Amino acid sequence: MKKKCVRRVVVALCVLILITIVNFIPTSSLKTNKMTRLDGKWIDVYYEIEAEAAKDVYEYAEQETAALAERFSFSEAPEVNVYIYDHQATMQTKKYGLIAPLLCLDWYIGDNIGTDVILTSPANPGKVHTYDNNKCAVLHEIVHAYVSVLNEDVDLWLTEGCALYLTNGEPFYKEYIDQMGIPAYKETCSNNPLTFSNCGGYTYAHTYIEYIEVTYGWNSVLNIIESGDYEAVFGKSKRDIYSEWVAYINGYYQ
């Protein structure tokens with residue numbers, strides 16, 4: 001009886017390992033068959049069939065990326081590759097494997113893997129996005145790529161906040177506090193993308209970076225991204241900075 005139980009456990013583990021391996025096969029290479037390459041000063045772009053949309057993304061990013069590199073104080077451009085996929089499902093599998101499209105993440109059109117950016121083609125932006133905000137998302141992902149140069153293990157709250165702050169430029173309204181509530185400290189410490197989204201991270205995180213720049217200067221933003229050491233950068237704990245940020249947000253409209 002004991003041997004049968006052991007055998008079943010071994011078989012189950014083997015099946016689980018096999019499923020995991022199969023799931024992540026699409027992540028083994030970011031290139032798909034017959035991708036075309038566009039070489040630029042700041043980025044190189046790989047695209048599939050939707051050539052016009054890809055060239056639109058390329059030209060937009062080439063024009064805007066210099067200012068981002070300056071904000072990060074890079075003396076030379078980090079090597080960033082942008083992979084543009086004609087279908088959202090293909091893009092999603094390049095990060096999370098075959099299971100990704102089954103999660104119904106309609107909002108998920110782009111991401112980064114280190115200094116590699118993966119993006120859905122603006123020609124097929126899906127149900128949630130438009131051509132233009134899909135195209136503009138490339139800069140958001142390039143910021144993530146640049147942040148990864150400073151710190152590959154940076155907190156999600158910091159990298160998303162920085163990307164939103166530098167590229168999205170969304171205004172902040174008192175109604176957000178009234179309707180959503182301010183994310184709890186524990187939520188701002190989570191590196192789970194779903195937790196970030198569900199707690200209102202895409203609405204709030206850019207104000208966290210704004211607060212640090214306004215209060216401590218832009219170099220402190222770069223330093224906390226690079227080190228993650230709040231005591232060394234601010235002489236205060238992470239919770240202290242969170243509390244200061246909450247007061248800053250609540251003071252927006254007083």
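If you're wondering where the values come from, they're calculated on a predicted model, not measured in any experiment.
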Open item on the list: Suppose the criterion is salt bridge (Lys or Arg N to Asp or Glu O under 4.0 Å): which pairs have a residue in residues 88-103, not counting sequence neighbours?
Closed with: K95-D111

Open item on the list: Using every non-hydrogen atom in the two residues, find where Y85 and L30 come nearest and quote the distance to one decimal.
Closed with: OH-O, 2.5 Å

Task: Minimum side-chain heavy-atom gap S121-D86 below 4.5 Å - done: yes

Task: Inter-residue atom distance I43.CD1 - I142.CD1, 0.5 Å rounding - done: 5.0 Å

Task: Residue pairs involving residues 45-54 (criterion salt bridge (Lys or Arg N to Asp or Glu O under 4.0 Å); sequence neighbours excluded) - done: none

Open item on the list: Just to verify, which of Y230, Y208, Y185 counts as forming a ring-ring contact (aromatic ring centres under 6.0 Å, His included) with W245?
Closed with: Y208

Task: With T215 via side chain to side chain donor-acceptor pair (under 3.5 Å) - residues at least two apart - done: none

- [ ] Could you tell me whether the side chains of S237 and D240 share a donor-acceptor contact shorter than 3.5 Å?
- [x] yes

Task: Residues forming a salt bridge (charged side-chain N to carboxylate O under 4.0 Å, His left out) with E244, sequence neighbours excluded - done: K236

Task: Listed partners of Y211 passing ring pair (Phe, Tyr, Trp, His ring centres under 6.0 Å), at least two apart - done: Y248

Open item on the list: Hydrophobic clustering (ILVMFWY, side-chain heavy atoms < 4.5 Å, transitive) - are L102 and L16 grouped together?
Closed with: no

Task: Rounded distance [0.5 Å steps], CG in L164 versus OH in Y202 - done: 7.5 Å

Open item on the list: Which residues pass the side-chain contact (heavy atoms from CB on, under 4.5 Å) test with N81, not counting sequence neighbours?
Closed with: D44, Y46, E79, Y83, D116

TODO: Please collect all side-chain hydrogen bond (donor to acceptor under 3.5 Å, both in side chains) contacts where either partner lies in residues 190-199, sequence neighbours excluded, each pair once.
DONE: none

Open item on the list: Strictly by side-chain hydrogen bond (donor to acceptor under 3.5 Å, both in side chains), give each pair with a member in residues 58-74 just once, sequence neighbours left out.
Closed with: R71-E213

Open item on the list: So N250 and I182, do their side chains get closer than 4.5 Å, heavy atoms only?
Closed with: yes

Task: Crowding at CD1, I49 (>12 non-hydrogen neighbours, <6.0 Å) - done: no

Open item on the list: Once ring pair (Phe, Tyr, Trp, His ring centres under 6.0 Å) is applied, do any residues pair with Y131, and if so which ones, sequence neighbours excluded?
Closed with: none

Task: Aromatic ring pairing Y96/Y108, orientation class (parallel under 30°, perpendicular over 60°, tilted between) - done: tilted

Task: Selection residues 193-212 - residue pairs positive for salt bridge (Lys or Arg N to Asp or Glu O under 4.0 Å), sequence neighbours left out - done: none

Open item on the list: Could you see if V143 belongs to whatever hydrophobic cluster contains I109? Use Ile, Leu, Val, Met, Phe, Trp, Tyr and a side-chain cutoff under 4.5 Å.
Closed with: no

TODO: Just grab all the side-chain hydrogen bond (donor to acceptor under 3.5 Å, both in side chains) pairs involving residues 148-164, residues at least two apart or on different chains.
DONE: H140-E160, H144-T159, H144-E160, D155-K238

- [ ] State, with a plain yes or no, whether a side-chain heavy atom of Y216 is found less than 4.5 Å away from one of N223.
- [x] no

- [ ] Apply ring pair (Phe, Tyr, Trp, His ring centres under 6.0 Å) to Y204 and list each qualifying residue two or more places apart in sequence or on a separate chain.
- [x] F172

Task: Pairwise side-chain contact, F234 with S220, heavy-atom cut-off 4.5 Å (strictly under) - done: yes

Open item on the list: With a 4.5 Å cut-off on side-chain heavy atoms, are T167 and C136 touching?
Closed with: no

